[in-house]
Amino acid sequence: MPAIEPHDYAAHFFDITLCFRRNAVPRTRIDLPYYVENLSILDHEGNLDQELEPEIADDLLLRLYRAMVKARRFDERMLSLQRQGRIGTFAPIRGQEASQLGAIAVLRDDDWLVPAFREAAAEMWRGKTIESILLYYGGFDEGGHVPEGINNLPVAVPVGSQTLHAVGLGMAINYRQGDQVAMVFFGDGATSEGDFHEAMNFAAVFNTPVVFVCQNNQWAISIPRKNQTRSQTLAQKALAYGVPGVQVDGNDVLAVYAAAKEAVDRARSGGGPTLLENVTYRMSVHTTADDPKRYRKDEEVEEWERRDPIVRFEKYLKDKGLLNDEQIGHIEEEVKAEIQAAIDRAELQMKELGDPLEMFDHMYAELPPYLKEQREELRQLLAAGQEEASHG
Ligand SMILES: Cc1ncc(C[n+]2csc(CCOP(=O)(O)OP(=O)(O)O)c2C)c(N)n1
Ligand SMILES: [Mg+2]
C-alpha cells in the first residue's frame with residue numbers, strides 16, 4: 001500500500017467518512033400514507049350536497065334546530081344579564097351552535113361530555129339546567145354541581161386540561177370493558193398546550209374511546225389562528241399520534257353530525273380516538289370581560305355572520321318541508337318563555353342561597369391567618385350593610 005503523504009490525510013479521511021455514511025446511514029424517505037379529510041354537506045347558503053346527506057330522523061333534526069335557537073337566545077340574555085350586573089363573566093357560544101350541538105347529539109346518555117368553558121349549549125343538551133348555568137356564572141358553587149346520573153364533567157377553565165380528563169375516562173371505560181365514549185371539547189388555542197399533546201398520545205397508545213372535538217373558532221382571546229400554529233390544519237396534529245384527523249365545516253350542523261357519528265361509532269367499536277377540527281367562528285366577545293374591536297376587524301365578523309349556522313340549517317329544514325315561518329315563530333316564543341322562567345327561578349335561588357362568607361369554607365381545612373382577616377373584614381362589611389338596609 002503506497003504511503004499517504006501528510007498533505008493527503010484530510011482528503012483520505014474525508015473519502016472514508018463519506019463512504020461510511022453512504023453505506024451505514026442512508027438518507028431515504030419514509031412515505032406516510034396520511035391525509036386530512038375536509039367535510040362539508042351544506043354550502044354557505046344552506047344548499048345541500050344530496051350525496052352526503054346524513055340519515056337523521058326528522059324529530060332529531062327539529063330538536064337540534066330548537067336547541068340551536070335556544071342556545072342563541074340564551075347567549076343574548078346572558079350578555080344582557082352580565083351588562084346589568086346580574087351575573088359575572090360569561091363565555092358566549094354565538095356562532096358555535098352547530099359545532100357543539102351537531103357533535104353532542106350523537107352521544108348516548110351514558111357517554112361522557114367533557115366541556116371546556118364555552119360549551120353551555122352542549123351542556124344544556126345533556127341535561128344541565130339553565131338555572132344551574134346561571135348560578136355558576138352568578139358565582140354560586142351550587143351551579144357547578146353536576147346532578148347524579150348525568151355524565152357531564154364540570155366546566156374546565158385551565159385551557160386544555162380537560163383533554164387529559166377525557167383520556168382518563170376513556171381508560172376507565174376500557175378497564176371496565178364498557179362501550180361508552182368520552183367526547184371532549186377544546187379550542188384552537190388549546191392545541192398549543194402540552195396537555196393536549198399528552199392527551200392525544202395517551203389516547204392513541206391506550207386505544208381509548210375518546211372523540212376530541214377542537215372548536216377552531218379562529219381566535220384564542222386576541223391571538224388569531226395564524227399566530228397559533230404554522231400547521232396548515234389543526235386536524236393534522238392527530239396524524240403524528242397515529243389517530244385519524246378530520247376537518248369539518250363547523251357551521252354546518254349536518255357535517256359536524258356526520259363526522260362525529262363516524263368518530264363515535266369507531267370509538268365505541270374499539271377503533272380508538274379521533275380528532276375533529278370544527279372550523280367555526282367566535283362571533284361574539286371572548287368573554288364578557290373582552291372587547292374584540294381592539295384586535296379584529298368588523299368586516300371579518302360580518303363575513304362569518306354570512307355563514308351563520310342557524311340560517312343555513314333553517315334553509316335546509318325549510319327546503320325539506322320540515323319547518324315554516326309559523327313554526328319558527330312558535331319555537332322562538334317557547335324558547336324565550338323557557339329561558340325567562342329559568343332566570344326567574346335562578347334569581348330567586350340566588351337570593352336565598354349563598355352567604356358570601358361560605359367562599360372561605362372550601363379551600364383549606366385550617367384557614368391561613370391572612371384569609372381569616374379577610375373573612376372578618378367581609379363579615380363586618382356585610383353586617384354594616386344589613387344594618388344600613390334595616391334602617392332604610
Ligand atoms: C392554562 C391557561 N392559560 C391561559 C388561560 C387564560 N385563557 C382563558 S381562555 C384562553 C384562550 C383559549 O382559546 P381557545 O383554546 O381557542 O378557546 P376559545 O376561548 O376560543 O373557545 C386563555 C389564554 C387559561 N384559562 N388557562
Ligand atoms: Mg379559539
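As a basis for the values below, the full set of heavy atoms in this structure was taken, side chains included, without hydrogen atoms, waters or symmetry mates. Every number for a ligand or one of its atoms is a count from 1 in the order of the listing.
Look at F186 and you'll find every heavy atom at least 4.0 Å from all atoms of ligand 1.
No more than 12 heavy atoms of other residues, nucleotides or ligands shown are found within 6.0 angstrom of CG on D109. More than 12 heavy atoms of other shown residues, nucleotides or ligands fall within 6.0 angstrom of atom CD in Q380. Under a cut-off of 6.0 angstrom, the local environment of CZ in F202 is sparse, with at most 12 non-hydrogen atoms contributed by other residues, nucleotides or ligands. Within a 6.0 Å radius of NZ in K261, other residues, nucleotides and ligands contribute 12 heavy atoms or fewer. At most 12 heavy atoms of other shown residues, nucleotides or ligands fall within 6.0 angstrom of atom NZ in K336. Surrounding CZ of R176 are at most 12 heavy atoms belonging to other residues, nucleotides or ligands under 6.0 Å away. Other residues, nucleotides and ligands contribute over 12 non-hydrogen atoms within 6.0 Å of the CD atom of Q84.
Distance from atom 23 (C) of ligand 1 to its nearest protein heavy atom, with residue and atom name: I221 CD1, 3.9 Å. For atom 17 (O) of ligand 1, the closest heavy atom belonging to the protein is G187 CA, 3.7 Å. Scanning all protein heavy atoms for the shortest distance to atom 3 (N) of ligand 1 gives E193 OE2, 4.2 Å. Nearest non-hydrogen protein atom to atom 14 (P) of ligand 1 is G189 N, 3.4 Å. In terms of protein heavy atoms, atom 25 (N) of ligand 1 is closest to V157 O, 3.1 Å. Looking only at protein heavy atoms, the nearest one to atom 4 (C) of ligand 1 is V159 CG2, 4.4 Å. Protein heavy atom at the shortest distance from atom 19 (O) of ligand 1 is R118 NH2, 2.8 Å.
Considering both main-chain and side-chain atoms, A190 comes within under 3.5 Å of ligand 1 through a nitrogen or oxygen pair.
If you number the atoms of ligand 1 from 1 as listed, the ones under 4.0 Å from a heavy atom of P158 come out as 26 (N). Close approach to N217 involves these atoms of ligand 1, each under 4.0 Å from a residue heavy atom: 18 (P), 20 (O), 21 (O).
A cation-pi arrangement, defined by a distance under 6.0 Å to the six-membered ring centre and an angle within 45 degrees of its axis, is present between R63 and W125.
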Derivation and outcome, side-chain contact (heavy atoms from CB on, under 4.5 Å), residues E332 and R66:
CA-CA 8 Å; E332 289 281 358; R66 189 183 186 283; over 6 Å; no

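Under 4.0 Å from ligand 1, not a single heavy atom of R282 appears.
Rounded to the nearest 10 degrees, the angle O (W219) to the Mg ion (ligand 2) to OD1 (N217) equals 80°.
In this structure, K372 pairs ionically with E366, as a charged nitrogen and a carboxylate oxygen lie closer than 4.0 Å.
In this structure, atom 1 (C) of ligand 1 has protein heavy atoms in its sub-4.0 angstrom surroundings.
Counting just the N/O/S atoms of D188, the one with the shortest distance to the Mg ion (ligand 2) is named OD1.
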